[in-house]
Amino acid sequence: MPDNARAIADRRLVALLLVVCACASGGPDRRDTASGFLRDYAGLREVRGARTSLVFIEPGARFSHYGRVILDPVTLWRADGPGRRDTPWAQLQHLADYLETGLRDQLGQVFELVDRPGHDTLRVRVAISEARRSWILRDVVSRRRPPAPSFDDRTELATGTRDFVDAAAIEVEVLDSVSDRRMLAAVDERAGRRSLRGSSDTWSDVHEALDYWADVLRTRLTALRAFDAGQERIGIPPPR
Amino acid sequence: MARGLAASLAVIFALLRAPTAQAIDCPTWSQLWPRQRFAVLDVMVRDAVADSGARSYRIDRGTLGRCLESHTRSIAADIDVSCGEAPGSGVLAPNRVFKSYIWSCAG
């Protein structure tokens, strides 16, 4: 075989092997993080910043175009099946209600909160999930009302609640409210333990963690808005 | 070779002279030397925490900037991967990677 033809054959073989390897690996495996809350986990990539997140950002997303937010009720996704601990339903409901209230407070500082879709309106979906379990069910949906005052900061958590919070991930999806196009999806695993110093034994710890995550979401969305706004100011057209 | 280097330097000078960085695309990124890529990322970090943008949105610019700076190697590597996967993606791939780090660094 002439050298030239052999070189071409070799290159084809290498290309074929690369394709086979790529198919076999299939990119980052996110099955173990999938609770089912996000519509798609395939596009998530691990990013190590101030904390490790799995993030997907739509290439053409321009967050600076949006000044309003529809905040969907916060949902809790819990593992089902053997080993599931009994957890007082009222405590889980409190988690969802408390986080929704915090998110409304935080997002309301930088977005106008609305109930109807619009061209400048994002839909924000947030869930607390047991991301590494096999069988996940949507369990609790927040109600838009102040969290129950019965969960005093000094009150101890039920064991099941503590386990849930310690292992919890925060999952976020941001959509264009009109087109339903997904602009951003993210999972922060083990959100509870990461944000808590030490173990979470009282409601004070849990409230602190949920306040923290509401603040983080506001900061992140506003940082993206600021960056996109800067790009527009210097005349970079929105990507098509 | 010389022409490619000149083109790369022209891109870098243009980026550094501009008050804010233009979005860089994959073909341009792939022509840059590693040191040039870090220079581009420095400008992007500067833009991400620029007064005109971040201040009006009440962001802790110091924390965000330090986090982004400390991850420039990872950002560069991830842009390499993204541009390798979709070389025709223009400005989308570098921008998308950088914004995912903004997400992870903010807050």
Member of L184(A), T219(A), V47(A), V216(A) meeting the side-chain contact (heavy atoms from CB on, under 4.5 Å) criterion with W103(B):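 It is L184(A), the one option of L184(A), T219(A), V47(A), V216(A) that forms the side-chain contact (heavy atoms from CB on, under 4.5 Å) with W103(B).
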R73(B), CZ: over 12 other non-hydrogen atoms inside 6.0 angstrom: no
Best-contacting candidate, L221(A), L217(A), I57(A), against chain B by heavy atom pairs under 4.5 angstrom: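 Most heavy-atom pairs under 4.5 Å with chain B: I57(A).
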Spacing of CD belonging to E46(A) relative to CG belonging to D78(B), to within rounding of 0.5 Å: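 Here the rounded value is 10.0 Å.
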Heavy-atom side-chain contact between V97(B) and R45(A) under 4.5 Å: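 No - every pair of side-chain heavy atoms lies 4.5 Å or more apart.
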Taking every non-hydrogen atom, the tightest pair across R48(A) and H71(B): O-CD2, 2.7 Å
Minimum heavy-atom distance between K99(B) and L224(A), given as atom pair plus value: O-CD2, 3.5 Å
Under 4.5 Å from a heavy atom of chain A, the part of S74(B) involved: neither
